[in-house]
Amino acid sequence: MFFNNTLTRKKEEFVSLNDRQVFMYTCGPTVYNFAHIGNFRANVTYDLVKRWLKFRGYTVKHVMNITDVDDKTIRDSIAAGISLKELTDKYTAAFMSDCKKLRIIAPDIHPRATENIFQMIRLVCELIEKGFAYKAADNCVYFSISKFKDYGKLSHLNMKELRQCDRVTNDEYDKENVSDFALWKAWTENDGDVKWDSPWGPGRPGWHLECSVMAREFLADTIDIHMGGEDLIFPHHENEIAQSEAATGKPFVKYWLHNAYLLVEGKKMSKSLGNFFTARDIIKKGWTGREIRYVLLSTHYRRQLNFTFDGLHAARSALQRLDALREKLDGTNIDGKASAEVIEAVKLAREKWIIALDDDLDISAALALLFDFVREANRFIESGKINKSSSKTILSFLDDVDEILDIKKSAEEIPEGIIKLAEERTTARKEKNWARADEIRNILKDKGYTIEDTPDGSRAKKL
RNA sequence: GGCGGUGUAGCCAAGUUGGCCUAAGGCGAUGGUUUGCAAAACCAUUAUUCACCGGUUCAAAUCCGGUCGCCGCCUCCA
């Protein structure tokens, strides 16, 4: 299995640190609002990596932080006149519910920043003791990047050559070096009642700190995989490395994986362009979680993804083709002759599937082979080469594929009355009572269902 | 200015350590099969061409030089 490692900028074979156990940490959401589809691209990517590792026989322990204290959560809770906890609890729950809709497997542990303040203070103390951090005149504690000689190794940025842009030079902090970052931020009036006591006075932790602390606390000093969006490479992940490695003296992460950003309708997603969407916005427009999941999944994670409504339409059609094959294989009219050809085709597809995903999650190759296989299977069905047993073999392959993609149609709840009408149509058609059959079709259409006539009878499907 | 990505059919998107590429796969479109009529489904067809110009080579989407376009990061945005 190979992953493209941001740290080395190379595709490397994955070798876990502890036999079959993989420690994986992913950067979670800041819970001040509903998460947007860009956030979910990242989470779908985490999900894909995790599922593939599990499929390949690893046990994965996955930790993802919930950032429930920062400038934005504080700002918005004050604006809404509610407590920080009230605000962040609401959006944490919303995030998890959205993830579930997109069929993202929940992390094993999702620690909240505010529940690990003590450990964060302890790490800051450790960094001060070891000479990597200092308290400034503004009562904030900063990490001194000049003390950490590997600083910049992940982002490959040369700090001396960084452009001195306005927001840096206008900085009002009392830092020794403009690039030093806050480990602990002293309380100000803007923070309202959000503060914790510390050896440096009341305040709150810096954002970067929580990931270093939680990865160490819930996983280990050195972990296998750390993931996040490409925008986090610098400064967030660079700073995590600095904090963690300065404290432990050990490498923090073996494989850094980053997903690319997404565009919406070809443009960067922004509220002013009107192309800013949360997952629930899209669900409200009538798209399902699995359709969104498929769109987010179907472009390789390191490539920029253009999220469009055309893409959602394409996803819907493609998924329906997959559904249709399953339905046919499950149907009672599968009654062909046994054929070694079929078994061979499944075997080949399975091999290609593993080769594709082992290669840095090459989803394009994986989906191409899947649809090649779908066409092949359809031809087998048409030519009567599939019997009950080979049909099971195919379905079991499709199930294995779905262990990773998780795009299978969920059983839809068709109301009793609708089923009755569909059955009535079946009878009417048997009796060649076309008038009644057409009438029922129209009734169902008004109720939002379409009719599919199969050899097994008429079936109602939600429009 | 620094670092990185990218430009392939109507749309999305593989392929970029050169040669089964006379370029995967998906959507769409068109034709056919099927159907009481439909719908759905299935099958088939759909880029002599890979942003543009020039070069290297027996051979280039793939290498080299140049030009143009788009996108991201450069201190708290996945």
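Remember, it's a predicted structure, so these values are computed and weren't measured experimentally.
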What is the base-pairing partner of [N], counting Watson-Crick and G-U wobble geometry with both distances under 3.5 Å?
{"N": "B:G65", "value": "B:C53"}
{"N": "B:G36", "value": "none"}
{"N": "B:A9", "value": "none"}
{"N": "B:G28", "value": "B:U46"}
{"N": "B:G19", "value": "B:C58"}

Side-chain donor-acceptor pair present, [X], [Y], cut-off under 3.5 Å:
{"X": "A:T8", "Y": "A:E12", "value": "yes"}
{"X": "A:D70", "Y": "A:T30", "value": "no"}
{"X": "A:Y142", "Y": "A:N177", "value": "no"}
{"X": "A:E265", "Y": "A:N275", "value": "no"}
{"X": "A:N378", "Y": "A:K328", "value": "yes"}
{"X": "A:T45", "Y": "A:D47", "value": "no"}

So for [X] and [N], does any side-chain atom that can act as donor or acceptor lie under 3.5 Å from a complementary atom in the base?
{"X": "A:K185", "N": "B:C76", "value": "yes"}
{"X": "A:R441", "N": "B:C37", "value": "yes"}
{"X": "A:D310", "N": "B:G28", "value": "no"}

- Centroid-centroid under 6.0 Å between A:F277 and A:F309 rings: yes
Tell me what [X] touches on the nucleic acid: a base, only sugar-phosphate, or nothing, going by heavy atoms under 4.0 Å.
{"X": "A:I451", "value": "base"}
{"X": "A:H36", "value": "base"}
{"X": "A:A365", "value": "nothing"}
{"X": "A:A35", "value": "nothing"}
{"X": "A:N378", "value": "sugar-phosphate"}
{"X": "A:D453", "value": "base"}
{"X": "A:G228", "value": "sugar-phosphate"}
{"X": "A:R459", "value": "nothing"}
{"X": "A:R326", "value": "nothing"}
{"X": "A:A368", "value": "base"}

Which nucleotide sits closest to the side chain of [X]: [options]?
{"X": "A:F371", "options": "B:G25, B:G36, B:C71", "result": "B:G25"}
{"X": "A:R429", "options": "B:C77, B:G25, B:G36", "result": "B:G36"}
{"X": "A:R375", "options": "B:C11, B:G36, B:G25", "result": "B:G25"}
{"X": "A:D372", "options": "B:A41, B:A38, B:G25", "result": "B:G25"}
{"X": "A:K328", "options": "B:A78, B:A41, B:C76", "result": "B:A41"}
{"X": "A:S364", "options": "B:A38, B:G26, B:A14", "result": "B:A14"}
{"X": "A:K72", "options": "B:A40, B:A38, B:C77", "result": "B:C77"}
{"X": "A:T299", "options": "B:A78, B:C43, B:A14", "result": "B:A14"}
{"X": "A:E382", "options": "B:G4, B:C42, B:C76", "result": "B:C42"}
{"X": "A:R303", "options": "B:C27, B:A38, B:U6", "result": "B:U6"}

Could you tell me the separation between the [atom1] atom of [X] and the [atom2] atom of [N], rounded to a whole number of Å?
{"X": "A:D362", "N": "B:G25", "atom1": "CG", "atom2": "C1'", "answer": "11 Å"}
{"X": "A:N306", "N": "B:U8", "atom1": "CG", "atom2": "P", "answer": "12 Å"}
{"X": "A:L370", "N": "B:G26", "atom1": "CG", "atom2": "P", "answer": "10 Å"}
{"X": "A:L325", "N": "B:G26", "atom1": "CG", "atom2": "P", "answer": "13 Å"}
{"X": "A:H237", "N": "B:C74", "atom1": "NE2", "atom2": "C1'", "answer": "16 Å"}
{"X": "A:K10", "N": "B:G4", "atom1": "NZ", "atom2": "P", "answer": "14 Å"}
{"X": "A:Y301", "N": "B:A13", "atom1": "OH", "atom2": "P", "answer": "18 Å"}
{"X": "A:E230", "N": "B:C3", "atom1": "CD", "atom2": "P", "answer": "17 Å"}

Work out how far the [atom1] atom of [N] is from that of [M], and round it to whole angstrom.
{"N": "B:A61", "M": "B:U17", "atom1": "P", "answer": "14 Å"}
{"N": "B:G7", "M": "B:U16", "atom1": "P", "answer": "12 Å"}
{"N": "B:U67", "M": "B:A24", "atom1": "P", "answer": "33 Å"}
{"N": "B:C74", "M": "B:G65", "atom1": "P", "answer": "29 Å"}
{"N": "B:G2", "M": "B:G26", "atom1": "C1'", "answer": "38 Å"}
{"N": "B:C3", "M": "B:C11", "atom1": "C1'", "answer": "32 Å"}
{"N": "B:U8", "M": "B:G25", "atom1": "C1'", "answer": "14 Å"}
{"N": "B:C50", "M": "B:G15", "atom1": "C1'", "answer": "10 Å"}

Closer than 4.0 Å, any side-chain N/O of [X] to the OP1 or OP2 of [N]?
{"X": "A:R321", "N": "B:G26", "answer": "yes"}
{"X": "A:R379", "N": "B:A44", "answer": "yes"}
{"X": "A:S317", "N": "B:G28", "answer": "yes"}
{"X": "A:K352", "N": "B:A24", "answer": "no"}

- Just say parallel, tilted or perpendicular for the rings of A:H226 and A:H237, cut-offs at 30° and 60°.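 If you compare the ring of A:H226 with that of A:H237, the planes turn out perpendicular.
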- Query: Does B:G72 have A:Y261 stacked on its base, where the ring centres are within less than 5.5 Å and the planes differ by under 30°?
  - Reply: no
- Return the 5'-most residue of the pair A:D180, A:D438 with respect to RNA chain B, ranking by each residue's nearest nucleotide.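 Looking at RNA chain B, the more 5' nearest nucleotide goes with A:D438.
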- Query: Mapping A:G311 and A:Q304 onto RNA chain B by nearest heavy atom, which one lands closer to the 5' end?
  - Reply: A:G311
- Task: Just do the side-chain hydrogen bond (donor to acceptor under 3.5 Å, both in side chains) check on A:Y301 and A:D360 with the steps written out, would you?
- Result: CA-CA 9 Å; A:Y301 74 94; A:D360 196 31; 2.5 Å; yes
- Message: Taking A:K175 first and then A:D138, would you say they form a salt bridge - that is, a charged N and a carboxylate O separated by under 4.0 Å?
- Response: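 No.
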